[in-house]
Amino acid sequence: MDLVLTTFLKMAFILAVILGLVPVLIWAERKGSAFIQDRTGPNRAGIAGIRLAGLIHPIADVLKLLFKEDVRPAGVHRVMYALAPFLVFFVSLLTYAVIPFGDYLEVGGRRIPLVVADLDVGILYVLAIASLGTYGIVMGGWASNNKYTFLGAVRSTSQMISYEISMGLALMGLLLVSESLRLTDVVAGQGQLLWGFLPRWGVVVQPLGAILFMTAAFAETNRNPFDLPEGESELVSGYHLEYSSMKFALFFMAEYTNLVVASALIATLYFGGWNIPWLSRAVIEARAGVLLPALLAAHVAVCALAAALYLRRASRERGKFGDARDREPGLMAGVCVVAGLAGLAALALRPWEIGPAGASLLATVLQVGAFVGKVVFFCWFFIWVRWTLPRFRYDQLMHLGWKVMLPLALANLVVTAVVAAFV
Amino acid sequence: MNGKVHGYGGKMTLWERLYLGEIFRGLGITIRHVIRNLLHTGDMPTVQYPEEHRAYSPRFRGRHRLMKREDGTPRCVACMMCSTACPADCIHIVAEEHPDPAIEKAPASFEIDLLRCVYCGLCEEACPCDAIRMDTGIYDLAADSREKFWVDKEFLLNNTTDGTR
Ligand code: SF4
Ligand code: SF4
């Protein structure tokens, strides 16, 4: 019974984090692309003048998509057409089941591992599920009865086949090093130090493998520079061309949940997962009496700085718009002040006298925070790359996949195997 | 931006063919833009459109206006030159007799279908008495029905030059 309850709670936590990240990512994509191209980006939609630099826009998008007509073009295969977006979205969420997002949570002397399903074959599961996502794309593209969507689906399949191999081979190199298929073991192994100072992260012991895996992950998630299945310059918008309303929204959200999956995988496999370098759980628990007050003080300082910046803006832009938008900087400064005061109140509760249970909780929170931070960084990395690189031509894509990445992945595997056998 | 551009089929150096170094160089360029724009949000060239308008050249051909005589009546003498010159056939004039015998005709109605107009400016050039001009500077035409783009004499006479609607 307990197991069921904790599992559901963990699933709820993961779902909340991912679904909360999706609008933030959409915002980051818009605002980031705008700033890269020297534009301002979205800044209009707002609730009573609160615009949060465009963060309200995804809400407006969802409202718009919900009220749009759900057009079903003539000649579609009804069942598959309706199923495809759900399949894409569902599969994109499945991978999270095996990704550990923290070490363990200690409740009443019992340790709850922070992973939904600690499978023995975690990595194989990840590979299996990752390729399932293409089925949704192929179904959507084929069932739409449109040549552009069909071409997008075909491209997606051939791309998946080409890059899946390099991805698997790159992962095998990592397996030789971590000596386990279980993702919790892979992450725990990365908590050690190499030669006493270097974190034993996957990227340190398998640098080539990390690059190959990340490249393949870009291809698997259909992100630029590998977004040929969408290729709006030649395929209009590829496999989801015929979808409208919430069905389109599902495809759109699946793109971002896939992004989070890929980032979580990269962070878990090659960048230490929930490990904080040089700050192992034992160290955090021993020094909790110093760490917690320091963190709270940093929180107060950041809040004070943000409040000061907002106040400066409020005084500079007084009456700039002449409507509700003028109130935003003042209100935000108020929010920052309240958050800072909450930090001060926590400081008044003598956080340096924290007990062992609190120290354990602090360690868990910090580790989960580190994991989420890494995931967010890689999400931003995906967005950053998308707005930096142009799209590959199709023959270049195939050339890179088969003639460059496959031999490199094989060489990486052989060298790793030889080193692992003799060291 | 260093002037070294590889033409189509040009040879790339080994370093460039390794992609990775060049990719990170590109990432460096884009992140520099992000950081600069984050620190100086006010300096972006974006025009906050509905509130701000870009200054267009005085020669810019915007929405038409009809000029007035000193007594406030239209300057137009309904000679039909503009509607003859119009390639889009979108000026519709009905002539009537002018009360002043020195002036032959005046427009009883003068209508332009702005949705058909291609803003070529030929009407302006054809007019013998400088009665129609396109110097209002108004370019953001928006309405919620087609009928509202069919503008009449009163509308055209009251158009201003300062770009306000
Ligand atoms: S601008 Fe050209 S198209 Fe428009 S009314 Fe004048 S002559 Fe016709
Ligand atoms: S050419 Fe000038 S005067 Fe003649 S009808 Fe047109 S606006 Fe009137």
Side-chain angles (χ1 to χ4, degrees), chain A residues 28-44 51 53-54 207-208 210-212 214-215 218 224-226 309-310 312-313 316-317 319-323 325-326 328-329 377-378 380-390 392-393 396-397 399-401 403-405 408, chain B residues 1-56 138-146 160 162-165:
Chain A
E29 180 111 87
R30 290 183 179 151
K31 211 71 180 171
S33 69
F35 276 16
I36 281 171
Q37 299 166 351
D38 292 343
R39 295 183 281 114
T40 10
N43 60 358
R44 296 280 154 173
R51 299 166 299 155
L208 183 60
I211 292 171
L212 291 173
M214 280 168 79
T215 315
F218 272 83
N224 229 356
F226 303 105
L309 285 176
Y310 270 120
R312 193 181 68 159
R313 180 134 156 235
R316 270 192 193 171
E317 299 184 354
K320 180 181 170 199
F321 298 105
D323 56 26
R325 282 179 279 174
D326 286 330
E328 185 177 16
F377 171 78
F378 282 107
W380 163 248
F381 187 70
F382 271 87
I383 292 169
W384 185 9
V385 166
R386 171 167 180 193
W387 297 100
T388 301
L389 299 182
F392 275 112
R393 218 170 50 214
Q396 292 170 332
L397 175 94
H399 177 270
L400 183 70
K403 293 195 195 160
V404 180
M405 289 196 25
L408 278 180
Chain B
M1 290 292 164
N2 53 9
K4 202 181 89 191
V5 178
H6 295 291
Y8 192 76
K11 264 223 172 328
M12 290 198 288
T13 61
L14 179 68
W15 175 246
E16 283 167 340
R17 272 188 290 144
L18 279 178
Y19 288 137
L20 277 180
E22 292 293 300
I23 286 176
F24 279 103
R25 206 161 67 92
L27 288 175
I29 292 173
T30 45
I31 202 72
R32 269 210 302 282
H33 278 259
V34 172
I35 291 168
R36 196 183 63 211
N37 289 327
L38 268 179
L39 297 180
H40 312 280
T41 26
D43 297 351
M44 261 182 271
T46 310
V47 176
Q48 296 297 332
Y49 168 60
E51 287 102 21
E52 295 171 24
H53 280 252
R54 242 173 92 181
Y56 277 4
I138 298 171
Y139 52 85
D140 44 351
L141 309 169
D144 46 21
S145 74
R146 283 169 190 243
T160 50
D162 57 3
T164 53
R165 279 122 282 243

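Protein chains get the first letters and strands the later ones, always in sequence-line order, with residue 1 at the start of each.
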- Under 4.5 Å from a heavy atom of chain A, the part of B:Leu38 involved: both

- Query: What closest approach, in Å, do A:Arg39 and B:Met44 show between heavy atoms, and which atom pair accounts for it?
  - Reply: O-SD, 2.6 Å

- Task: Heavy atoms only: give me the nearest B:Thr30-A:Trp384 pair and the separation to one decimal.
- Result: OG1-NE1, 3.0 Å

- Task: Report the option among B:Leu20, B:Ile23, B:Ile31 that has the most heavy-atom pairs separated by less than 4.5 Å from atoms of chain A.
- Result: B:Ile31

- Around atom CZ of B:Phe24, are there more than 12 heavy atoms of other residues, nucleotides or ligands at under 6.0 Å? no

- Go through the atoms of A:Val404 and report whether side chain, backbone, both or neither lie under 4.5 Å from a heavy atom of chain B. neither

- Contact class of B:Glu22 relative to chain A, heavy atoms under 4.5 angstrom: neither

- Message: Tell me whether the count of non-hydrogen atoms from other residues, nucleotides or ligands lying under 6.0 Å of OH in A:Tyr310 goes above 12.
- Response: no

- Contact check, side chains of B:Arg36 and A:Asp38, non-hydrogen atoms, under 4.5 Å: yes

- Task: Can you tell which part of B:Ile35 gets under 4.5 Å to a heavy atom of chain A, answering side chain, backbone, both or neither?
- Result: neither

- Backbone N/O of B:Thr46 and side chain of A:Thr40: donor-acceptor pair under 3.5 Å: no

- Message: So for A:Ile36, is it side chain, backbone, both, or neither that comes closer than 4.5 Å to the heavy atoms of chain B?
- Response: both

